[in-house]
Number of protein chains: 2
Amino acid sequence: MERLENQIVQLLQNKDIRPTQQRIEIMKYLMEHRVHPTADMIYTALKKNMPTFSKTTVYNTLKLLQEKGALAALATVEDQVRYDSNLVPHGHFKCTQCGTLYDLEIPEGFPKQTTIDGHRVFEYQILAKGLCRHCHMQELS
Amino acid sequence: MERLENQIVQLLQNKDIRPTQQRIEIMKYLMEHRVHPTADMIYTALKKNMPTFSKTTVYNTLKLLQEKGALAALATVEDQVRYDSNLVPHGHFKCTQCGTLYDLEIPEGFPKQTTIDGHRVFEYQILAKGLCRHCHMQELS
DNA sequence: ATCATTGCAAACACTTTGCATACGC
DNA sequence: GCGTATGCAAAGTGTTTGCAATGAT
């Protein structure tokens, strides 16, 4: 899609990021694969079509995109950092069985306050853990 | 405190964990240092009084204590896994400046529901990020 | 020509594994 | 005595760093 690539170029430029080929590809991958990939997933996928593509570039780029506010990094306990191009506030649900990381609506009634105990809060991350729909159904059968 | 050690022995036995010297010390350290230490912090601190104490034991023990439900592991993006002996549900606040990890009351109105989007939720982790009270005050002066 | 970006190789930091020794019931 | 726990050394992962080659303006 020409469309998406143009959007990405815009987005990067708006955030003062020079839109190089590699950066566009990484951003595009994240926007098209909303399963919160790890750096390694991105590398492995893109390497196929870009033979000289390097892991260093993935790490460099992810770091830059985070700093400039184009991406969010997600904390999960068990494994590596995961990345999310969806900047609309939302939570995550991690299935402890299959490892899938789902998006979650921010639960109704969640406070929007920006100060708690005197601390200034800029960002919330909500991580729920449990058994996902699919694994749960399998367990019953 | 004899008192605390006895409590720990009880706690471990209740969870089917053989209360060895090392396990008791690790648990004790976590209960007495509620700053969510990393495995390395625990190792470094306890090594002083236990010359043969090994990191492997720390990792083994933390893993066991988690599995048996005596400890919780916390996800934070920037650094290693941190551990918490406080099993009462609560959130955390991480200061992006000084790195301190504070406890947070679970905000009023946070949903207690155990099913979302068909997923069975067993556990919530809430991680707020921002500028803590102390760093904020420093910035003003 | 200059400065930023890329990518290889090597270093690093955290965690896990294999296995021999020591401990507890 | 037997099974578990411990601890050393080595291997494994994920990430970062140093630096030379390349690319863009």
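Here is how names work: the chains are called A, B, and so on, in the same order as the sequence lines, proteins then strands, and each is numbered from 1.
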Whether [X] contacts [N] is assessed here as follows: a side-chain N or O lying under 4.0 Å from the phosphate OP1 or OP2. Is that the case?
X	N	answer
Thr20(B)	dT6(D)	yes
Tyr59(B)	dT16(C)	no
Gln21(A)	dT5(C)	no

Test salt bridge (Lys or Arg N to Asp or Glu O under 4.0 Å) applied to Asp84(B) and Arg34(B), step by step: CA-CA 7 Å; Asp84(B) 196 342; Arg34(B) 302 208 161 217; 5.2 Å; no

Rounding to a whole Å, what distance do you find between [X]:[atom1] and [N]:[atom2]?
X	N	atom1	atom2	answer
Lys68(A)	dA4(C)	NZ	P	11 Å
Gln22(A)	dA4(C)	CD	P	17 Å
Lys63(B)	dT6(D)	NZ	C1'	15 Å
Met50(A)	dT5(C)	CE	P	15 Å
Ile42(B)	dT6(D)	CD1	P	14 Å
Lys47(A)	dC8(C)	NZ	C1'	10 Å
Tyr43(A)	dT15(D)	OH	P	14 Å
Gln13(B)	dT4(D)	CD	P	17 Å

Let's see if you can work this out: which of [options] has an atom nearest to the side-chain heavy atoms of [X]?
X	options	answer
Lys55(A)	dT15(C), dG7(C), dT15(D)	dT15(D)
Asn60(B)	dC14(C), dT6(D), dG7(C)	dT6(D)
Thr56(A)	dG14(D), dG7(C), dT15(C)	dG7(C)
Arg18(A)	dA5(D), dA4(C), dT6(C)	dA4(C)
Arg23(B)	dT17(C), dT6(C), dA5(D)	dA5(D)

Plane angle bin for His33(B) and Tyr29(B) - parallel if under 30°, tilted between 30 and 60°, otherwise perpendicular: parallel

Backbone N/O of Thr57(A) and side chain of Ser54(A): donor-acceptor pair under 3.5 Å: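 Yes; at least one donor-acceptor contact below 3.5 Å.
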
ring-ring contact (aromatic ring centres under 6.0 Å, His included) partners for Phe93(B), two or more places apart: His119(A)

Same apolar cluster: Met31(B) and Val9(B), side chain cutoff 4.5 Å: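 Yes, one cluster joins them.
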
Donor-acceptor pair under 3.5 Å, Ser54(B) side chain vs dC8(D) base: no

